[in-house]
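First the structure, in the form of structure tokens, and then the observations on it.
All of these numbers come straight from a predicted model, not from anything done at the bench. When a ligand or atom number is given, it counts from 1 through the structure's own listing order.
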Amino acid sequence: MSPWHIVSAFAAALLFSTAVSTADSVSPRERLRINNEWRFMKSDQPGNAANLSYANLKAWILPTGNPFLNNPARRSPAPAEQFTDAISYAQPDFDDSGWRALDLPHDWGIEGPFTSEGRGGTGRLPFYGIAWYRKKLAIPAADAGKSIFLDVDGAMSYAAVWINGQLAGGWPYGYASWRVDLTPYVKPGGVNQIAIRLDNPSNSSRWYPGGGIYRNIWLVKTSPVHVAQWGTYLTTPKVSRSSASVHLRVTVDNDSTRGSNVAISTQIFPLIAGSNRTGPLAATIAPVSLRVPPRSNASFEADAVIANPNLWGPVPQQKPNLYLAITTLKSGSRTVDRYETVFGVRSLKFDPNEGFFINGEHIKLNGVCDHHDLGALGSAVNYRALQRQMEMLVEMGTNAIRTSHNPPTPELLELADRMGLMVMDETFDCWLRGKTPNDYSRIFADWHEQDTRMLVRRDRNHPSVIMWSIGNEVGEQGQGAAGAAVAKELSDIVHEEDPTRPTTSAMNSARADSPFPAMIDTAGLNYQGAGNRGAPPQYPVFHQNFPAKFVFGSETASTISSRGEYVFPVAEGTGAVAGPETGEDTTSHQMSSYDLYFPPWATSPDKEFAAQERYPFVGGEFVWTGWDYLGEPTPFDSSRSSYFGIIDLAGFKKDRFYIYQAQWRPDLPIAHILPHWNWPERIGLKDADGKAVQTPVHVYTSGDEAELFLNGRSLGRKKKEQFQYRIRWDEVVYEPGELKVVAYKRGKQWATDTVRTTGEPSKLQLEPDRATIAGDGSDLSFITLSVTDQAGLTVPRAKNLIHFSISGPGEIVATDNGDATDFTVFPSKDRNAFNGLALVIVKAKRGQTGSITVSAISEGLKDASTQITVRR
Ligand code: GAL
């Protein structure tokens with residue numbers, strides 16, 4: 001159940017407990033998730049003669065975006081004519097019983113198969129093409145006279161919506177959330193046929209975009225006079241521990257042909273952390289009358305004060321306290337709408353010299369960039385999978401996420417609000433100058449304003465959002481005044497929708513003396529901040545050129561590694577550009593996990609940490625990336641998924657996790673040794689000069705000193721020097737046995753870690769992240785399989801083939817292992833372990849309860865099984 005549902009359910013209860021419930025006091029607003037029981041066909045109708053290209057449908061699609069165009073002259077009038085081409089896939093009487101039955105969210109590409117042809121950028125999966133989704137909707141006769149909307153959180157891409165055979169609207173950008181007004185077409189008291197066509201071009205993305213209705217989809221019913229889509233906007237202009245002012249704007253739509261007077265009131269309640277309950281009333285905005293003209297809208301603004309507010313702030317320093325505003329519209333004694341807004345009270349300061357402050361406290365942005373896919377589950381949104389990603393990031397010490405390079409799913413922001421993660425919310429990867437032939441540049445001219453306003457209106461009540469990014473590494477950076485003019489236009493649009501947060505753009509090539517950076521509020525630097533490609537660090541250059549601008553690393557590091565792979569010899573210092581002699585295993589297409597290798601534009605964690613420390617005015621960084629993602633498999637284009645992640649695609653921690661955790665959670669006692677200690681081929685190995693080869697041992701620790709022991713012998717106690725973030729024993733000569741590190745902090749023992757040479761693979765182990773899940777058809781258990789030796793130690797190079805099976809009320813949705821070169825399709829129940837580990841993802845069947853058993857077998861190894869309880 002999403003938090004939104006929890007809140008809704010509770011708020012309904014609140015209504016019943018505070019008022020005498022009469023028909024008049026119940027809001028007609030309904031928001032129904034309509035994800036279940038769709039029919040799917042991955043093609044157009046054979047022999048279909050109609051031209052359904054976007055260019056041909058555009059006149060009917062563009063009006064859907066009209067509410068997001070401020071200048072009436074830019075709006076598109078609805079065509080006088082219906083789109084008349086008869087397309088049987090859109091007709092109510094078309095027999096779709098032979099189509100595949102499925103539930104949304106759905107990503108048609110993730111099932112594969114992988115292809116070895118073409119470029120690896122988009123993950124080698126078939127995400128492109130045309131598809132239709134159909135569903136029958138029963139709309140009761142009692143809904144006559146209501147406004148009825150279809151709200152789509154995201155569909156990839158170029159969506160066109162037919163209802164009862166008529167083209168009602170659509171939206172091209174696959175990452176946008178949008179609404180189509182179904183009111184003129186629905187038949188209350190009957191069965192209504194929805195048909196959605198998607199046309200997802202190839203060569204449209206630099207990473208795996210997925211394909212399909214991959215986010216949630218809703219039917220919204222309201223009275224004709226109602227709070228507009230994303231029609232509330234709450235800000236907190238003055239915040240202190242003792243009091244906060246809340247400013248509220250409500251926009252009310254009147255879809256009827258008669259003017260209407262409504263009384264608007266708002267009540268504000270604290271949400272009790274970690275529960276579904278609200279606390280006692282915190283503030284009230286008394287009813288005020290608003291006249292809403294026919295077929296138009298009107299806005300109302302008011303202020304309230306919350307005494308002793310519970311502030312929202314990032315963990316671990318602060319608490320993510322939230323409030324719920326319930327806005328009620330009444331016509332006489334009749335409630336015509338009741339609209340809930342979750343928001344937070346906090347103050348932000350972006351100081352050019354001191355860095356970032358929230359609620360008066362200085363906090364460094366310890367951020368990561370992430371793409372939207374959920375690994376083996378593809379782009380289809382899953383609340384638990386997203387929560388798992390974010391939980392692991394919090395465990396690492398992450399306090400901010402950049403939604404690279406597009407609007408996120410709404411659930412990401414709900415989770416960020418509740419978990420205390422800050423968000424840099426981004427619109428686009430390109431503007432008019434494209435990066436791939438069929439990307440957003442094709443529609444930028446027509447849609448940039450709608451897509452920008454959409455994002456800000458949708459997301460501006462989320463306290464987690466601290467900054468708006470209008471674009472990533474856009475080609476316009478290098479276009480002088482012309483490029484800067486586009487930046488200004490986008491930045492101005494954002495300011496119109498939300499003057500409370502700064503704009504930024506992630507700049508990899510704009511120089512400090514070029515016109516581009518002057519147009520945005522904060523200077524987000526990709527890679528160039530710490531210095532790259534032989535150029536000096538640009539953090540101080542931007543700081544000097546823009547003394548009034550906050551400067552930060554909007555994208556940093558881009559270190560590449562494969563979990564558990566180590567390539568020798570090991571680079572010195574803060575690392576090297578990856579190549580056949582530096583970090584790459586050109587046979588297996590794996591990258592060394594010494595965390596010292598990166599593409600030419602990028603760097604290591606160590607070098608970025610040093611730059612952040614040298615220039616304390618820098619507000620923090622967003623590392624590329626928190627999690628591995630599908631596509632962009634730099635430097636081995638033949639692979640399926642990235643090497644950039646700190647966490648691999650399956651959710652297993654790479655070594656890098658601990659260098660960030662040590663830096664970002666300095667109070668957590670940790671020590672982490674790399675590499676593993678199973679190197680039989682290095683016993684007695686000599687180099688060309690007859691010298692024993694070295695197997696360097698590196699330690700990541702939040703301590704400041706450490707002593708390493710090999711089979712009980714000390715290899716020396718070493719200090720982390722200034723601007724050093726790892727302790728290295730590079731001269732170690734391998735011998736099997738035990739490596740142990742004892743870390744110290746301020747002279748006292750602080751943390752230890754031990755790595756042992758293991759025996760041969762002997763048994764399997766299964767460990768679920770959660771042993772009880774809900775039978776709601778979407779909750780998941782992520783089960784880790786380990787290949788262990790006789791003593792139960794995970795064998796670090798084991799690649800055994802595992803077969804998974806399941807019994808009881810559940811299904812295996814996907815398996816993975818984090819190996820970027822593994823072309824076994826994700827739904828497969830057979831999966832090789834990769835360096836000792838594999839993952840199996842299990843879902844309960846919708847509406848069922850009981851006990852699921854998941855088993856794993858592998859030739860020659862003792863098998864394993866585990867139980868998952870399914871609750872209501
Ligand atoms: C950046 C870009 C990212 C990703 C990254 C890989 O330049 O913004 O999207 O491609 O490089 O290092």
Exercise. Could you note down all residue pairs passing salt bridge (Lys or Arg N to Asp or Glu O under 4.0 Å) where residues 617-630 supplies at least one of them, sequence neighbours left out?
Key: D628-K654

Exercise. Would you confirm whether the ring centroid of W431 sits within less than 6.0 angstrom of the ring centroid of H405?
Key: no

Exercise. Would you please indicate yes or no on a ring centroid separation below 6.0 angstrom for Y615 and F552?
Key: no

Self-check item: Lys NZ or Arg CZ of R640 over F823 ring: under 6.0 Å, within 45°
Solution: no

Practice problem: State which residues pass salt bridge (charged side-chain N to carboxylate O under 4.0 Å, His left out) with K607; sequence neighbours excluded, sorted by chain then number. | Solution: none

Quiz item: Of all residues at least two apart in sequence or in a different chain, which pass the ring pair (Phe, Tyr, Trp, His ring centres under 6.0 Å) check with H462?
Solution: none

Quiz item: So which protein residues pack against ligand 1 under 4.0 Å, heavy atoms counted?
Solution: R206, H405, N472, E473, N526, Y527, E555, S558, W601, W624, E632, F644

